[in-house]
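These numbers come from the heavy atoms of this one structure, side chains and all, not from hydrogens, waters or symmetry mates. Since the model is a prediction, treat every value here as computed from it, not as a measurement. Each residue takes its place number in the sequence, starting with 1.
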Amino acid sequence: ASSPPMLTAHSGLDALCQATESIWAIGADETSLPFAREALGLAWGNLGTAVNAPTPAARDAMARAAHLAGQAINLTKTTVPHALSYTITSAHGLPHGAAVALTLGAALEFNSEVSETDCLDAHGAVAVRERMAMIYETLGARDAGEAAGRFNALVKAIGCPTSLAEVGITEDAQVERICATVNVERLANNPRRLAPEDLRRLLR
């Protein structure tokens, strides 16, 4: 109830990203999806207000979103945005929620192009794309590109960065370090296989 704006933004982005990643994670199922979908709807609808013009209702909604997102990832774990975020935080000082949000939009577009040849989800690429469509719908978007744009616009609106350059990550060596220290457990939970060049592209 009393968190300052940037703490609200960072913790809220973490919940929003957790919910999104849980929906597309290879572990998603009928048990996890209701938690993740409700969390995503609550966070998407209330984070901007909770940061920029907080009300008790928006704070309550974000608290519930964070709780439900936690329930969801307890079942599914997180994926590539979290996998890349840890070094961004430890090496460059960007708070965790903001670090995850840096690549969420790019990962959304990447995962939307999953095919049977690069799908890691046993349910298949069609099932992954159906779950991706749940995310677009919640964000009020027609497709992955529009959803990513809307997500990044929210990130900007609450005062957080949307590019590595904004946090001082501008050199190839910095990007290579992030890729080399990616969390492989979280990476393996992503529905679409990522080669090293895919990780670099997400970070660009």
Side-chain angles (χ1 to χ4, degrees), residues 12-48 61-62 64-85 96-97 99-155 162 182-195 198-199 201-203:
L13 281 175
D14 193 25
L16 180 55
C17 293
Q18 287 172 347
T20 304
E21 291 178 60
S22 182
I23 290 171
W24 71 45
I26 65 172
D29 59 22
E30 293 181 357
T31 303
S32 68
L33 282 170
F35 293 128
R37 294 186 72 180
E38 184 178 352
L40 179 59
L42 287 168
W44 180 251
N46 291 278
L47 180 54
M62 286 308 303
R64 180 165 176 80
H67 168 72
L68 292 169
Q71 293 277 67
I73 65 164
N74 184 54
L75 296 167
T76 67
K77 310 308 179 194
T78 52
T79 66
V80 65
H82 270 78
L84 289 167
S85 74
H96 174 68
V100 177
L102 269 183
T103 60
L104 193 284
L108 199 159
E109 293 189 85
F110 177 83
N111 285 332
S112 74
E113 297 175 359
V114 65
S115 68
E116 294 300 340
T117 58
D118 59 17
C119 183
L120 297 177
D121 192 321
H123 297 98
V126 172
V128 173
R129 289 195 293 268
E130 288 173 351
R131 299 202 307 271
M132 298 294 295
M134 297 174 186
I135 299 169
Y136 315 153
E137 180 183 0
T138 301
L139 272 56
R142 292 164 294 182
D143 54 31
E146 184 178 354
R150 290 176 66 82
F151 175 80
N152 286 331
L154 174 62
V155 174
T162 57
V182 66
N183 183 292
V184 293
E185 180 183 0
R186 298 289 177 260
L187 192 65
N189 196 37
N190 200 68
R192 185 181 178 195
R193 184 180 295 107
L194 290 115
D198 296 318
L199 293 177
R201 194 157 56 247
L202 291 183
L203 291 164

Does atom CD of Glu137 have more than 12 heavy-atom neighbours, drawn from other residues, nucleotides or ligands, at distances under 6.0 Å? no

For Ala66 and Ala15, work out which heavy atoms get closest and say how close. CA-CB, 3.8 Å

Nearest 0.5 Å please: distance from the CZ atom of Arg193 over to the CG atom of Leu120. 5.0 Å

Ser115 and Asp118: which non-hydrogen atoms are nearest, and at how many Å? N-OD1, 2.8 Å

Heavy-atom closest pair, residues Cys119 and Gly124: SG-C, 3.6 Å

Under 4.5 Å between any side-chain heavy atoms of Asp29 and His123, yes or no? no

For Thr103, enumerate each residue passing the side-chain hydrogen bond (donor to acceptor under 3.5 Å, both in side chains) test, keeping only those at least two apart in sequence or located in another chain. none

As an exercise, state the distance from OG of Ser112 to CG of Asp143, rounded to the nearest 0.5 Å. 8.0 Å

Geometric cation-pi criterion Arg192 and Phe110, 6.0 Å radius, 45° cone: yes

Is the backbone of His82 close enough, under 3.5 Å, to the side chain of Arg186 for a donor and an acceptor to pair up by distance? no

Rounded to the nearest 0.5 Å, what separates atom CG in Asn190 from atom CG in Leu199? 9.5 Å

Once you round to the nearest 0.5 Å, how far does CG of Leu154 lie from CG of Leu13? 6.5 Å

Is a side-chain N or O of Gln71 found less than 3.5 angstrom from the main chain of Phe35, in a donor-acceptor match? no

N-O pairing of Glu38 and Arg64 below 4.0 Å: yes

Option passing side chain to side chain contact (heavy atoms under 4.5 Å, CB included) with Trp24 (candidates Asn111, Val114, Thr76): Asn111

Counting only N and O atoms by type, is there a donor-acceptor contact under 3.5 Å from the side chain of Asn46 to the main-chain atoms of Leu42? yes

Correct closest heavy-atom pair for Val155 and Ala101 would be CG2-CB, 4.2 Å

If I take atom CG from residue Leu104 and atom CG from residue Leu84, how far apart are they, to the nearest 0.5 angstrom? 11.5 Å

Check step by step if side chain to side chain contact (heavy atoms under 4.5 Å, CB included) holds for Asn189 and Thr78. CA-CA 7 Å; Asn189 196 37; Thr78 52; 5.8 Å; no

Test item: Arg131 side-chain N/O and Ala25 main-chain N/O as donor-acceptor pair under 3.5 Å: yes

Minimum heavy-atom distance between Met62 and Gly12, given as atom pair plus value: CE-CA, 3.7 Å

So, does Ser32 use its side chain to make a donor-acceptor pair with the main chain of Ala28 at under 3.5 Å? no

Closest non-hydrogen atom pair, Val80 against Glu21: N-OE1, 4.1 Å

Output for pair (Thr138 OG1, Trp44 CH2), nearest 0.5 Å, gives 10.0 Å

